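Computation of the quantities below employed the complete heavy-atom set of this structure, encompassing side-chain atoms and omitting hydrogens, waters and symmetry-equivalent molecules. Residue numbers begin at 1 in each chain, while the letters A, B, ... track the order of the sequences. Please read all numbers here as calculations on a predicted model, not as lab measurements.
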Amino acid sequence: MKKHMYRTHSCGNLRLVNEDSHTKLSGWVHRMRDHGGLLFIDLRDHYGMTQCVFNCETDAFKVAEKLRVESVITVEGMVVKRSPATVNPKMPTGDIEVLVDHIHVISVAEVLPMTINSNTEFPEETRLRYRFLDLRREKLHHNIVLRSKVIASIRKRMIDQGFMEFQTPILTSSSPEGARDYLVPSRVHPGSFYALPQAPQQFKQLLMVSGFDRYFQIAPCFRDEDGRADRSPGEFYQLDFEMAFVTQEDVFHAIEPVLYGIFLEFGNRHVSQYPFVQIPYHDAMLKYGSDKPDLRNPLIIKDVSEIFLGSDFSVFSKAIETEKSVVRAIPAPKTSNHPRSFFDKLNDWARGEGAPGLGYITFTEDGSAKGPIAKFLSPERIEALKKMCSLEDGDSIFFVCNKKDAAAKLAGNARRKIAEELDLIEKDVFKLCWIVDFPMYELNEDTGKVEFSHNPFSMPQGGLKALETMNPLDIKAYQYDIVCNGIELSSGAIRNHLPEVMYKAFEIAGYGAEEVEERFGGLLNAFKFGAPPHGGSAPGIDRIVMLLADEPNIREVIAFPMNQNAQDLLMQAPSAITPERLKELHIKLDLPKKVVKE
RNA sequence: GGGGGUGUAGUUCAGUUGGUUAGAACAUCGGCCUGUCACGCCGAAGGUCACGGGUUCGAGUCCCGUCAUCCUCGCCA
């Protein structure tokens with residue numbers, strides 16, 4: 001049998017059973033140990049590492065001793081059993097080694113800008129510019145393999161649930177709401193632009209109208225927004241799915257086993273059993289101060305406005321009466337004997353968040369109330385507070401006072417900060433929950449106008465009747481998020497498939513019928529020819545892999561990410577284009593004065 | 001667009017209230033070494049202290065500006 005040109009085995013699969021066989025391996029020189037008369041090379045490929053031994057009496061030795069790490073070579077030699085003293089139990093292939101008799105240098109490596117065989121950290125700029133080197137390194141290589149396995153598993157699980165995968169266009173039209181679009185100029189239609197989809201939202205709804213029952217796609221989404229640690233600028237991937245003839249509960253039932261299965265299969269820790277807890281939006285804002293609560297954090301916020309209303313603590317009582325402020329309380333268990341610096345530190349933190357400070361009361365072990373605010377509250381009020389917040393002697397409680405939304409947000413941040421300081425966040429667990437009953441509309445503080453708070457395509461709870469009779473700000477939508485450990489994985493909804501409801505819904509947000517038809521014509525028109533009730537969601541793939549890989553930064557789970565300024569340092573994107581191309585596209589540049597970037 | 005952190009050898013870092021020739025480790029190059037697996041030993045080379053101004057007798061160190069990068073606010077239907 002003719003031997004393969006490059007290898008008979010991978011660098012990861014030789015074992016004792018292969019002893020005394022002649023083998024051929026190819027890979028990268030991971031590390032060299034040159035003893036003068038004897039030389040070891042750890043040869044690495046995707047599958048693993050094998051120790052290759054070169055004896056000084058061979059020609060191969062003379063070639064090998066001139067090698068530099070990360071060069072690519074092919075070696076041939078006998079697989080031999082290592083003597084007991086030289087076995088390396090840390091390597092899966094550590095019972096054997098390859099006694100090399102022939103070497104072929106396939107590709108010579110220059111001196112590297114970063115080391116592959118160490119855990120040394122390198123600047124992000126270097127890592128991105130030489131991404132192909134970073135991807136050789138163990139951690140990143142592993143993360144990308146994990147990502148591939150997660151996506152393969154998602155596909156299998158979705159198909160098992162009866163979903164079918166369809167592709168939708170990448171060159172499409174600009175979406176009317178949402179983030180800024182990435183635009184692509186049309187050569188054929190001067191002055192017109194395609195937009196890259198922010199999500200396949202309208203297409204998946206059209207697929208439902210087209211009679212396909214359960215759609216999914218590992219869909220690329222493009223949004224021209226600034227990056228964050230957990231948000232890659234430019235593009236990201238969603239598990240986009242949609243189902244026909246379903247209620248909200250049907251959607252939950254379909255996707256819960258998929259997410260649970262994925263987190264269990266790859267997470268290597270405890271996962272919330274489904275059905276996942278469902279928390280109404282208003283409860284989430286009150287109890288956790290966030291619409292993406294981290295349920296690993298045991299602290300619960302309480303509204304204690306009534307305790308302070310009419311009290312002698314005028315800072316709060318006046319704000320409640322005259323500014324419609326509320327007081328929210330965050331418990332800090334077993335902290336009454338913490339040093340003053342603990343409370344000062346949190347106070348300083350709150351100032352950094354833009355709050356005047358963080359008031360607090362501590363309950364000493366003998367039951368008395370201490371702290372800067374305590375003396376302003378009567379014993380009855382103190383007792384009511386203690387009862388309301390289920391406090392025990394030895395606990396402390398912090399207060400924030402502000403208008404409702406700001407107070408909720410600050411309390412939520414304080415809840416997280418306090419839990420971190422006290423190390424109360426449960427470890428080694430994925431806690432998933434649904435946030436449901438999002439408001440359909442919200443008031444824009446700046447303009448005083450009513451706007452859609454989430455997706456304008458969502459079905460209002462109560463339908464047309466609710467839209468016609470209720471205060472818009474009280475209407476809830478069949479709109480839901482799924483949250484894991486405080487990270488929003490996806491947003492979804494039961495869609496509004498009824499044209500008359502859609503006209504009314506947009507009318508409340510200030511859009512006339514003509515404008516709706518102009519901007520949503522395709523979808524709206526489709527709903528006039530027989531549309532099934534439908535709904536779905538779109539969990540973020542990158543964030544799921546981030547959680548599974550336990551990485552705090554999304555770039556660690558993307559093979560070729562852009563930097564925070566939305567540049568690809570490896571491919572040099574974006575880049576200038578030639579005047580000829582611009583002319584062909586009917587585009588004249590009007591650049592800002594201060595352009596120096598290349 | 002705003003705020004904050006970081007920027008010293010190829011890399012990771014140290015560098016005292018502002019004071020002699022800016023150091024170490026890893027990598028690189030040269031030499032030695034037959035059982036290492038983060039091999040070891042000897043030696044060499046490698047610096048516009050991000051860039052540009054300023055203060056000072058004297059600046060890696062202090063001040064101002066610029067750039068790069070990360071985090072963050074805005075933004076993310």
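- Here A:E125 lies in heavy-atom contact (under 4.0 Å) with sugar-phosphate atoms only.
- Nearest-nucleotide positions on RNA chain B for A:N563 and A:D224 put A:N563 closer to the 5' end.
- Note on A:K292 versus A:D481: no salt bridge recorded, every NZ/NE/NH1/NH2 to OD/OE distance being 4.0 Å or above.
- Nucleotides B:G35 and B:G40 have their P atoms positioned 14 Å apart, rounded to a whole Å.
- Here, B:A59 and B:A22 have their P atoms 14 Å apart, quoted to the whole Å.
- The pair A:E556-A:K139 meets the salt-bridge criterion, with a side-chain N (NZ, NE, NH1 or NH2) lying under 4.0 Å from an Asp/Glu carboxylate O.
- For A:A179, taking side-chain heavy atoms from C-beta onward, the closest of the listed nucleotides B:U69, B:C76, B:U34 is B:C76.
- When the side-chain nitrogen and oxygen atoms of A:Q198 are compared with OP1 and OP2 of B:C76, none of them lie within a distance under 4.0 Å.
- In this structure, B:U66 and B:A50 make a Watson-Crick or G-U wobble pair, each of the two defining distances being under 3.5 angstrom.
- With both pairing distances under 3.5 Å, B:G43 is matched to B:C29 as a Watson-Crick or G-U wobble pair.
- In terms of the ring-ring contact (aromatic ring centres under 6.0 Å, His included) criterion, residue partners of A:F241 (sequence neighbours excluded) are, by chain and number, A:F163.
- The CG-P distance, from A:L128 to B:C70, rounds to 7 Å in whole Å.
- Across the protein-nucleic acid pair, A:E488 atom CD and B:C76 atom C1' stand 9 Å apart, rounded to whole Å.
- With rounding to whole Å, A:R129 atom CZ is found 9 Å from B:U69 atom P.
- The shortest side-chain heavy-atom distance between A:R495 and A:N455 falls under the 4.5 Å cut-off.
- Ring orientation note: the planes of A:F527 and A:H534 are tilted relative to one another, at an angle of 30° to 60°.
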* **Trace of the ring-ring contact (aromatic ring centres under 6.0 Å, His included) decision for A:F122 with A:Y130** => CA-CA 11 Å; A:F122 289 87; A:Y130 298 95; over 10 Å; no

Write down the protein N/O and nucleotide N/O pairs, taken from nucleotides 38-43 of chain B, whose separation is under 3.5 Å; answer none if there are no such pairs.
| from | atom 1 | to | atom 2 | distance (Å) |
| --- | --- | --- | --- | --- |
| B:A38 | OP2 | A:K90 | NZ | 3.3 |
| B:A38 | O3' | A:R31 | NE | 3.4 |
| B:C39 | OP2 | A:R31 | NE | 3.1 |
| B:C39 | OP2 | A:R33 | NH1 | 3.1 |
| B:C39 | N4 | A:D34 | O | 2.3 |

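- The residue A:A199 sits close to a base: some heavy atom pair falls under 4.0 Å.
- In this structure, A:Q51 reaches the bases: a heavy-atom distance under 4.0 Å links it to at least one base atom across the strands shown.
- Relative orientation of the A:F438 and A:Y281 rings is tilted, given thresholds of 30° and 60° on the angle between their planes.
- The base of B:C37 is paired with the side chain of A:R82 by a donor and an acceptor separated by under 3.5 Å.
- Nearest-nucleotide mapping onto RNA chain B: of A:C56 and A:K292, the residue sitting toward the 5' end is A:C56.
- Taking atom CZ of A:R228 as the reference point, atom C1' of B:C76 lies 9 Å away to the nearest angstrom.
- Judged by Watson-Crick or G-U wobble contacts below 3.5 Å, the nucleotide B:C75 has no partner.
- Note: A:F506 and A:F520 have tilted aromatic rings, judged against thresholds of 30 and 60 degrees for the angle between ring planes.
- A:R555 comes within 4.0 angstrom of sugar-phosphate atoms only, judged by non-hydrogen atoms across all strands, and of no base.
- Whole-Å rounding puts the A:N119 CG to B:C13 P distance at 14 Å.
- Residue-level contact check: A:K409 touches the backbone only, with heavy atoms under 4.0 Å from sugar-phosphate atoms and none from bases.
- Under the Watson-Crick or G-U wobble criterion, with both distances below 3.5 Å, B:A9 has no partner in any strand shown.
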* To do: For salt bridge (charged side-chain N to carboxylate O under 4.0 Å, His left out), just list the numbers for A:D95 and A:R15, CA-CA rounded to whole Å, side-chain angles, deciding distance to a tenth of an Å, and then say yes or no.
  => CA-CA 7 Å; A:D95 288 323; A:R15 295 292 185 275; over 6 Å; no

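- When heavy atoms are screened at a 4.0 angstrom cut-off, A:E97 is found touching base atoms of the nucleic acid.
- Atom pair A:L39:CG and B:C32:P shows a separation of 14 Å (rounding to whole Å applied).
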List the atom pairs, donor and acceptor, that lie under 3.5 Å between side-chain atoms in residues 50-63 of chain A and the rest of the protein, sequence neighbours left out.
| from | atom 1 | to | atom 2 | distance (Å) |
| --- | --- | --- | --- | --- |
| A:T50 | OG1 | A:C11 | O | 2.6 |
| A:Q51 | OE1 | A:R33 | NH2 | 2.9 |
| A:Q51 | NE2 | A:E97 | OE1 | 2.9 |
| A:N55 | OD1 | A:E57 | N | 3.2 |
| A:T58 | OG1 | A:N55 | O | 2.7 |
| A:T58 | OG1 | A:F61 | N | 3.2 |

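- Contacts of A:F122 with the nucleic acid, taken as non-hydrogen atoms under 4.0 Å apart, involve only primed sugar atoms and P, OP1 or OP2.
- Nucleotides B:G4 and B:A9, compared at atom P, are 26 Å apart to the nearest Å.
- Straight-line distance between the P atoms of B:C26 and B:G19: roughly 29 Å, to the nearest whole Å.
- Nucleotides B:G7 and B:A45 are separated by 25 Å at their C1' atoms, to the nearest Å.
- Looking at A:E121, its side chain has no donor and acceptor atom pair within 3.5 Å of the base of B:U11.
- The partner of B:U16, taking Watson-Crick or G-U wobble pairs whose two distances both stay under 3.5 Å, does not exist in any strand shown.
- Taking the P atoms as reference points, B:U20 lies 46 Å from B:U36, given to the whole Å.
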If you restrict it to nitrogen or oxygen atoms, what contacts under 3.5 Å exist between nucleotides 8-10 of chain B and the protein, and what is each distance?
none

Extract all donor-acceptor atom pairs below 3.5 Å that involve side chains of residues 407-417 of chain A and protein atoms in other chains or at least two apart in sequence.
| from | atom 1 | to | atom 2 | distance (Å) |
| --- | --- | --- | --- | --- |
| A:N413 | ND2 | A:E353 | OE1 | 3.3 |
| A:R415 | NE | A:L299 | O | 2.6 |
| A:R415 | NH2 | A:D294 | O | 3.1 |
| A:R415 | NH2 | A:N297 | O | 2.7 |
| A:R415 | NH2 | A:L299 | O | 3.4 |

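- Using a 4.0 Å heavy-atom criterion, one finds that A:R68 contacts the sugar-phosphate atoms exclusively.
- Atom CG of A:D226 is separated from atom P of B:C70 by 12 Å (rounded to the nearest Å).
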Atom pairs and distances, side-chain donor-acceptor, residues 226-236 of chain A, under 3.5 Å, sequence neighbours left out:
| from | atom 1 | to | atom 2 | distance (Å) |
| --- | --- | --- | --- | --- |
| A:R231 | NE | A:D226 | O | 3.2 |
| A:R231 | NH2 | A:D226 | O | 2.6 |

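- The side-chain heavy atoms of A:L196 and A:D224, taken from C-beta on, include no pair separated by under 4.5 Å.
- On the C1' atoms, B:A44 is 14 Å away from B:A27, given to the nearest whole Å.
- A:D181 has its CG atom 14 Å from the C1' atom of B:C75, to the nearest Å.
- Applying the 3.5 Å distance criterion, the base of B:C75 shares a donor-acceptor pair with the side chain of A:R231.
- Going from the P atom of B:G18 to that of B:G60 covers 13 Å, rounded to whole Å.
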